[in-house]
Amino acid sequence: MNKELPKAYEPQQYEDAIYKRWEDSGYFTPEACPPWVDNPDSREPYSIMMPPPNVTGVLHLGHALENTLMDVMARYQRMNGKKVLLLPGTDHAAVATQARVEKNLVEAGMKNPRLELGREGLLEKIREYAEQSKTTILSQIKKMGTSADWSRLAYTFDEERSKIVNIVFKKMYDDGLIYRGYRVVNWSVKGQSTSSDDELAYIERKSKLYTFKYSESFPIPIATTRPETKLGDTAVAVHPEGRWKEYVGQEFVIENFGQAGHTLRLKIIADENVDDSFGTGALGVTTAHSPIDFEMYLKQKALGNDIGLIQVIGKDGLMTKEAGTKYEGKTVEEAREQVVDWLRAEGLLIEEQEIDQSVATSDRFGDIIESIPMTQWFVDVNKEIPGRGKSLKELMREAVTIGLDGNAKKKTIVNPERFEKSYLAWVDNLYDWCISRQIWWGHRVPVWYCQGAKNKEQGTTCQYVVTSEKLKACPECGGNIAQDEDTLDTWFSSGMWPFATLGGPEHKDFKTFFPTSWMQMGYEIVSLWMARMILFSAYLFNDIPFKDAYVHGILRDKDGRKFSKSLKNGIDPLDVIKEYGTDALRFSLMVGVAPGNDSRFYMEKVEAGRNLVNKLWNMSRFMLMTVDKEQGTMNKPVRRRGGDQVRPEAKTLADQWILKKLDTLVTGVTKNLDSFDFSYAAESLRDFTWNDLADWYLEIAKIEGGKAEVLNYILNTLLKLWHPYTPFVTEAIWQEVYGEEQLLMVAPWPTIQRSEDVIGTEEQFELMKRIVTGVRNLRSEYNIEPAKKVAVTISAGKQIELLQKNVEILKGMARLENCTIEKTIAKPDGAVGFIESEVEVFMDLSGSVDLEKEKERIQKEIALIEPYVISLEKKLANDEFVNNAPAAVVEGEKKKLEEAREKLKKLQEQLGVLTK
RNA sequence: GGGUUUAUAGCUCAGUUGGUUAGAGCGCUACAUUGACAUUGUAGAGGUCAGAAGUUCGAAUCUUCUUAGACCCACCA
């Protein structure tokens, strides 16, 4: 090394330049192949599609977590020589983005942006906002160190993706899976749009439940929380075998209900779903304003009984003309009050009761959802797909259970497994999916309505045309046409993300990378998103969108609360990066998290990450300096295949031990990453780095010397193992070692080259450690200054050879000026001691030993070990244990007992000498 | 109402298919500090693994129940 590295790692000085080097190197693209790969043409593809962040603003910590997960995986696979594609992109996020921009405009003083700007004007504003947001988001993703292929950047709303959306719509329409229908849908008055069942947020609120009769003579009491909708009731449903069954089939005429000025005709219908034992055992059927009641309407209609629909609430959220002249134009709250007043005045109100009610609200616009009947576009999830013999629902189920068509290779594995259950529960409860929205930001429904006068005259039937192409005139009659005003649900397009990003089935990327390898997502969108991706892939290609789904928990703040705008507890990842560096942030996001569980984010964790990164930096600095000093020049480590090293020969016990530990680490981390145990891998890396390497081996290296080769090898391997987690610092160090011509990013992942089994290495080294720790412990207990050197006598027994051989370690690590090792030696006068296995260690206190204190200490130890010995004896005396437990376990217990007994015996001897 | 999930050291969390005298990080206590690192080192204190019962030779780990929390789903009017 020619230049001295700074004492502390300063991320800000390296990160941007390193990212640029990576990007410039071309290795973010799957086509670039590292030189050490033997067969570049047959590399296994590995693809991850980045869940596209919404272009609604800036990234938050949740995105940082996802980026880290994906990047750890991508980097790991890339170092394994795979053809890795991590494809980045963003989502136009239809409703979310439009709602955000409209809100901004209103805050800036506009009253009604849609009205004031018009469709094109508002779209222009949203487009501007989206573009800006996109730029910010992409630069943030880069700051996170994400090794994404920017040449393939995608956007759910770009031309290529939009084209695919239209093609898929058309195909599903042709297959009869998309239909236009008049249904009761979820309507947000504030957003002036429908929303799917999955875009609702339920809130708990106090509400009143009114029990009433429609009229004096009406026999059945009815309960409702929405009296104003009763103006639109067309039937009363009872259980076919219930207490009201005698009335089934009758029709009651209620004159002037609620003084509405019109007549209600209520048919009494029978429905199995009415619970006779609940409430009044009857249900006022509001066919137009309740999805369930609407179902009854359809059911009755199919039976030839048209009970009719009366829409009393309009799209503007106000009562309609049909509600009656008294109510027309009133808000639902006003109408409710008036109906209740009237019921009360007429003596028809039987009971008022306060109840807790959960009401649906629009998760984007926040207002309470009204159920209103209208004509919309739907995906039929229950209909049999032509030629397939199954419905979309069945495909969604197969894809995660038996695999599509029972083919286990076409099965998406959900990790952790438990999320499979919630996914399936959701699939089973799925209703037809309303995909049309009345907002403007999004893919326009690719349907054109014929408006030509010509066709009317001719009596033709060309009402509308569904096509994936843009139309200018009606292809049937040549008449004028107009495209459907509505746009598509955002999930309709993001559901196609795994293949739309790859250009669709004809594209060569699709052929290489589909199905994708791995997809990660938060559990809150498993049903929303994963299900839709599976739906489309299964339907279009009879394949799964990804082989493994990794579901992670959500990130919470220090107090376990969700991050939210209203709580103002948000943390900008860029601020964290600025202060602590990207590596520290990444590490803090990965560690201490069980798969699928929520985790908390707090600065102490990032600090710990920063400290670790700094430790890594300084250890490397030390290793490089040592290598330099020992070899006299800047060392270019022995390289094979561009940086893969040969395992050096172990010269000492410590060498054997650390190399063995390193082998174990390589195996462990590899296994953990293969099974998505990100936290485990990171923690074992930290343990090795800090506890084994820094605290022991490097200290011993200072004592033993001659470590150039071993240190080279360890550093090389360790940097590779750390790289997926802390890419910047490891690359920075790598650069110091190997110069700029090589990138750690594409160095080969370490493998175990030789597992040299020196029996007992670990036990022997552990004994050394325990002796050292024991001495340090005694020093601390007897308040001997750390700097002061002490003399130690060891009665080593069988271990005499081991200890004699490694006496320098003992002397160095425990700061001994003298260390006498004998096979057996009695405790010298004026010494204190401890026992490790059969080894007794005595420390000379030069007469200043406090006999009482030493006695106390030994007694305390005996008190600790005695019950232990007894419990082991009991265990081993138990035949059932000996017979049933695995032999290895029994052996282990026997050994423990032997050692404990030995120790106890020696403690008692020592105590005996003291009390004499 | 149904389902999922959590409860382990002061705090945040691990504990990989039942076999440890129960672990980590942070915090805490004491001591240390000129050569890799105070973004540090050494040593230490701290837990009847929410509670109860059961299965087992053996339970933090499996079963049942109880308590407290979180989340998801649900048409009980």
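Here the structure is a predicted model, which is why all the values come from computation and not from measurement. Reminder, nothing fancy here: chain letters follow the sequence lines and each chain counts from 1. FYI, side chains are in, hydrogens and waters are out, and symmetry mates aren't considered; it's all heavy atoms of this structure.
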Trainee: Would you mind telling me which of B:U21, B:A74, B:C75 lies closest to the side-chain atoms of A:Tyr431?
Mentor: B:C75
Trainee: Start at the 5' end of RNA chain B and walk down; is the nucleotide closest to A:Lys605 or to A:Trp690 reached first?
Mentor: A:Lys605
Trainee: Please test A:Asp233 against A:Tyr214 for side-chain hydrogen bond (donor to acceptor under 3.5 Å, both in side chains), starting from the C-alpha separation and ending with a verdict.
Mentor: CA-CA 10 Å; A:Asp233 278 12; A:Tyr214 290 99; 2.4 Å; yes
Trainee: Could you tell me how far B:G25 sits from B:C62 if I compare only their P atoms? Round to whole Å.
Mentor: 26 Å
Trainee: What is the nucleic acid contact for A:Arg776, judged by heavy atoms within less than 4.0 Å: base, sugar-phosphate only, or nothing?
Mentor: sugar-phosphate
Trainee: Look at the side chain of A:Lys615 and the base of B:C37, then say whether one donor and one acceptor between them are separated by less than 3.5 Å.
Mentor: yes
Trainee: For A:Thr773, which contact category applies under a 4.0 Å heavy-atom criterion: base, sugar-phosphate, or nothing?
Mentor: sugar-phosphate
Trainee: Are the side chain of A:Lys853 and the backbone of A:Glu781 linked by a donor-acceptor contact shorter than 3.5 Å?
Mentor: yes
Trainee: With rounding to whole Å, what would you report as the distance between B:U20 and B:G58 at their C1' atoms?
Mentor: 13 Å
Trainee: Report yes or no: is the cationic atom of A:Lys903 (NZ for Lys, CZ for Arg) under 6.0 Å from the centre of the six-membered ring of A:Phe834, at an angle within 45° of the ring normal?
Mentor: no
Trainee: Side chain of A:Lys7: nearest nucleotide among B:U16, B:G19, B:C37?
Mentor: B:C37
Trainee: Would you kindly check if the NZ (Lys) or CZ (Arg) of A:Lys875 is within the cone defined by 45 degrees around the ring axis of A:Phe881 and under 6.0 Å from the six-membered ring centre?
Mentor: yes
